[in-house]
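Note sheet for the following structure.
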Amino acid sequence: MIETNLLGAATFRIAAAIISITCIFYTTVLKTKKSIRRRLFLILLYIVFADSVSGLLSSIVLESELIPYNPKYIICYFLESFYYCTHFGTVVVFLYYMSYVCDVLFRYGKLRKRIILLPLLFIELALLTNPLTSFMFSIDENMIIKKEIGIYIAYFITLLYFINCVIMLFKYWKTVNYTKIAAIAYFLALTFAGILIQLAFPWVMCEILCESIGLMGIMIMIEKEDELLDSTTKAYNRIALLQDLGNIIGMKRSFKIICIRIDNAENYRRIMGVDSFDKILAEIVATIQGINNYLNVYRNGDANFFIIIPDADDKKVNDLAELLSRRFEEGFFTEKGETKVNATILLAGYPEEFKFADDIVLLSEAPLDADEYGKIIKGRDLEFLLRTIEVEKAISQGISENKFRVYYQPIYGKKCGCIKAAQALLKLEDDELGEVNFREFMPIAERTGFAEELEIRMIESVIKFLGNDVNRGYMSIDFVIIHIMAAKVLNKNLVTTVQELLVKYNVDPKLIAFDISDTMAEMSEDNLKYVVNEFYDTGIRLFLGNYGKDSSRITLDAMEKFDGVIMSAWRFLDPDMVKQGDIIMKARTDMLTQLGKKILIGGVDNKIYFDKILQVSGDYMSGKYLSAPLSKNEIQVRFWDYDRVALGDATEI
């Protein structure tokens, strides 16, 4: 505005112009991804800068004695009209900018978007016709500006827009990133304070200055995205992916997502070098953005990319996936020539397949066999991944909420037919998935790093059971076998934990037997040797598990400290697995007996297996045909009842 306090007004406006042009410069230099939101922010900066310059020019014109009255009047009138025309549009532009930040513009229909603009159009029309009506402002012969009733109506309309912004702020406070909300709240508060001060004290021209300072805060906290960009590819990083997924899911806005997984990324990196492979990753991002410059591309992990497509139909997403798949077939050029990079593309949607951001991110982490499903995986082919993701969530929740249970598979003596030992089995009982099989959750637990935690929990449960719940007076149990779940579990921490638990619950070490698979035994790593030696010296029994037709490669020296072996009946007796399996089993059991090793034959799941194992050497047997896994209370009852299997007639079990 033009006013008498020229020096003060010029100072405020110069400061506002410097701040706004600085923000324009840095926003342009940042070179963040082009978006409507970024363009709206630049428009706000341009408006503030233009208003600052126009106000400054009006001050200079008014102060100049070289300009005649009539030209001075025309220039000042034009600058005043320009100021109001642009300034009252600031709040409307900011309302749209805020809608993009909160991602709520999709909720507005075409009619509502047009209705929002009607009050602003009224103001602009009134300003254009002001030379005829003097409805908004007037300038007297002394070059004094007088606000008319139209200006106050315009400020009231601006207040309504402002209230709309505040309502949006509070409505979506919890669904938008905190820093973004804080920046918006700061801008609104600072701008409102500037308007009130200027209305109350017209000679304090701080409105434009407050707006420029508020926009600088928005630039730093919202538009500056250095911490959200991947330095190599210029795609958004995992933090940005989780933030944007959280926002869009919080708004319950449907969207499709494309996940691009580079198969065997480590191999490519070793073959072509780090720099060359990074250039290919950057070219992949540039290719996606070249298809649609407004698509957000996110990098998660080493060589996995996500594309979020809001409100997209299946055809649009399928066409984009096909286009990307064909691009990967063409190959990429590096210093070493053309290189073809294999990629698997996964298509999913919210809320059809996924409900949570963390589940969507697992699309890039869950194991998959691309050869089995092809280069594009979608629809029903995603079910295996969905199941894997659900199981991974169930494992994490099961650990935190103690939903893992230890059951005991009774082990019967082959000579007496009575329960002589037990094998600890870990089960996951999830509220939604029900009982999850060990074979299903264990590979996932090993991959995600939960294996050691589960192992320790199972060991403590078994040792506590033997120390507190087993009455040696009537429950004559030889040992309980605990399965070592993964090679990474075999470490010094395992040995220390087991020894401490044995002392804590006062349990005889001979009651514990660890089942170490033949695969782990063949590794013969330092950790394995250390664990075996320590357990052997402690008095803990060791069984070589998963003993089969290929286990003859294990040397006698390696088996020296093992009490016995665990053989699966199906590995020998199933006709599809090995021919003349009963003959091989008999030869193996005879050899092991001569070596003085205990033999447990597991997997006795039907009468055929049961009848055949009675004809070979061995000490123990177990399987579903003999007994289902039991809780600790149920296995105690079996001992009370002197439960035994009838060796003469298996049908009497």
Side-chain angles (χ1 to χ4, degrees), residues 399 402 404-411 413 419-427 438 442 445 450-517 520-521 525-545 558-566 597-598 600 602 619-620 622 629-636 638-639:
I399 290 176
N402 197 26
F404 283 92
R405 299 287 182 268
V406 177
Y407 284 80
Y408 297 88
Q409 178 74 54
I411 297 175
I419 298 178
K420 297 290 290 181
Q423 183 173 11
L425 301 174
L426 193 64
K427 291 186 178 182
F438 176 84
M442 194 57 234
F450 290 124
E452 187 170 2
E453 174 70 19
L454 294 178
E455 187 77 57
I456 296 300
R457 290 192 177 206
M458 182 168 68
I459 291 171
E460 182 169 10
S461 178
V462 171
I463 294 178
K464 183 179 179 181
F465 167 63
L466 292 171
N468 296 342
D469 300 320
V470 173
N471 187 332
R472 300 288 294 166
Y474 73 86
M475 193 173 180
S476 180
I477 188 169
D478 290 351
F479 53 81
V480 174
I481 295 178
I482 302 173
H483 177 63
I484 297 295
M485 301 179 184
K488 65 177 64 176
V489 173
L490 292 167
N491 52 43
K492 295 182 179 181
N493 180 56
L494 175 68
V495 174
T496 303
T497 302
V498 171
Q499 291 173 342
E500 291 175 351
L501 290 172
L502 289 173
V503 174
K504 178 180 179 180
Y505 294 103
N506 191 26
V507 173
D508 183 355
K510 293 182 179 180
L511 290 175
I512 299 296
F514 281 102
D515 160 23
I516 301 176
S517 72
M520 295 181 196
E525 296 179 351
D526 293 339
N527 279 352
L528 175 63
K529 292 180 180 179
Y530 171 81
V531 171
V532 169
N533 290 333
E534 287 293 321
F535 281 164
Y536 181 82
D537 295 340
T538 305
I540 295 172
R541 303 171 189 256
L542 294 168
F543 275 77
L544 182 66
M559 291 185 60
E560 179 184 358
K561 296 183 179 180
F562 285 82
D563 286 56
V565 302
I566 301 175
K597 301 299 180 183
K598 298 291 185 181
L600 165 60
D619 303 277
Y620 305 100
S622 68
L630 307 172
S631 66
K632 63 181 182 180
N633 294 329
E634 290 172 334
I635 198 170
Q636 287 177 335
R638 289 287 185 93
F639 272 96

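Along the sequence shown, the residues carry numbers beginning at 1. As the structure is a prediction and not an experimental result, all values here were calculated from the model.
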Tell me if the centroids of the rings in Phe543 and Phe479 come within less than 6.0 Å of each other.
yes
Please test Asp619 against Lys420 for side chain to side chain contact (heavy atoms under 4.5 Å, CB included), starting from the C-alpha separation and ending with a verdict.
CA-CA 10 Å; Asp619 303 277; Lys420 297 290 290 181; over 6 Å; no
Is NZ or CZ of Lys464 both nearer than 6.0 Å to the six-membered ring centre of Tyr505 and within 45° of the ring axis?
no
Do Lys492 and Tyr530 form a cation-pi contact, if we require the NZ or CZ to be under 6.0 Å from the six-membered ring centre and within 45 degrees of the ring's axis?
yes
Write down the atom of [X], the atom of [Y], and the distance for their closest heavy-atom approach.
| X | Y | result |
| --- | --- | --- |
| Val489 | Glu455 | CG1-CG, 3.4 Å |
| Phe450 | Ile399 | CD2-CD1, 3.5 Å |
| Ala451 | Met485 | O-SD, 4.1 Å |
| Leu542 | Lys561 | CD1-O, 3.7 Å |
| Arg457 | Asn402 | NH1-OD1, 4.1 Å |
| Leu501 | Ile463 | O-CG2, 3.6 Å |

Determine the sole option in Val480, Ile459, Val462 for which the side-chain contact (heavy atoms from CB on, under 4.5 Å) test with Val406 is passed.
Val462
Nearest 0.5 Å, what's the [atom1]-[atom2] distance between [X] and [Y]?
| X | Y | atom1 | atom2 | result |
| --- | --- | --- | --- | --- |
| Ile419 | Ile635 | CD1 | CD1 | 5.5 Å |
| Ser517 | Leu544 | OG | CG | 8.0 Å |
| Glu534 | Ile540 | CD | CD1 | 9.5 Å |
| Ile512 | Arg541 | CD1 | CZ | 10.5 Å |

Parallel, tilted or perpendicular, judged at 30° and 60°: which one describes the rings of Tyr408 and Phe465?
tilted
Measure the shortest side-chain to side-chain distance between [X] and [Y] over non-hydrogen atoms and say whether it is less than 4.5 angstrom.
| X | Y | result |
| --- | --- | --- |
| Leu600 | Ser622 | yes |
| Leu630 | Gln409 | no |
| Leu494 | Ile484 | yes |
| Gln423 | Ile411 | yes |

Taking Ser631's backbone N and O only, do any of them form a donor-acceptor pair with Glu634's side chain (distance below 3.5 Å, no angle check)?
yes
Ignoring hydrogens and angles, tell me if any N or O in the side chain of Asp515 forms a donor-acceptor pair with the backbone of Gly545 under 3.5 Å.
yes
Given side chain to side chain contact (heavy atoms under 4.5 Å, CB included), test Leu466 with Asp508 step by step and report yes or no.
CA-CA 9 Å; Leu466 292 171; Asp508 183 355; over 6 Å; no
After noting the C-alpha distance and the side-chain angles of Tyr536 and Phe514, does the key distance pass the ring-ring contact (aromatic ring centres under 6.0 Å, His included) rule?
CA-CA 10 Å; Tyr536 181 82; Phe514 281 102; over 10 Å; no
May I ask you to say whether Glu500 pairs ionically with Lys504, meaning some side-chain N is under 4.0 Å from a carboxylate O?
no
Does the side chain to side chain contact (heavy atoms under 4.5 Å, CB included) test come out yes or no for Leu426 and His483, once each step is laid out?
CA-CA 9 Å; Leu426 193 64; His483 177 63; over 6 Å; no
Kindly determine whether Met458 and Ile482 satisfy side chain to side chain contact (heavy atoms under 4.5 Å, CB included), including the steps that lead there.
CA-CA 8 Å; Met458 182 168 68; Ile482 302 173; 3.6 Å; yes
Test side chain to side chain donor-acceptor pair (under 3.5 Å) on Thr538 and Gln499 and set out the steps.
CA-CA 8 Å; Thr538 305; Gln499 291 173 342; 3.3 Å; yes
Pair Asp478-Tyr620, side-chain donor/acceptor within less than 3.5 Å:
yes
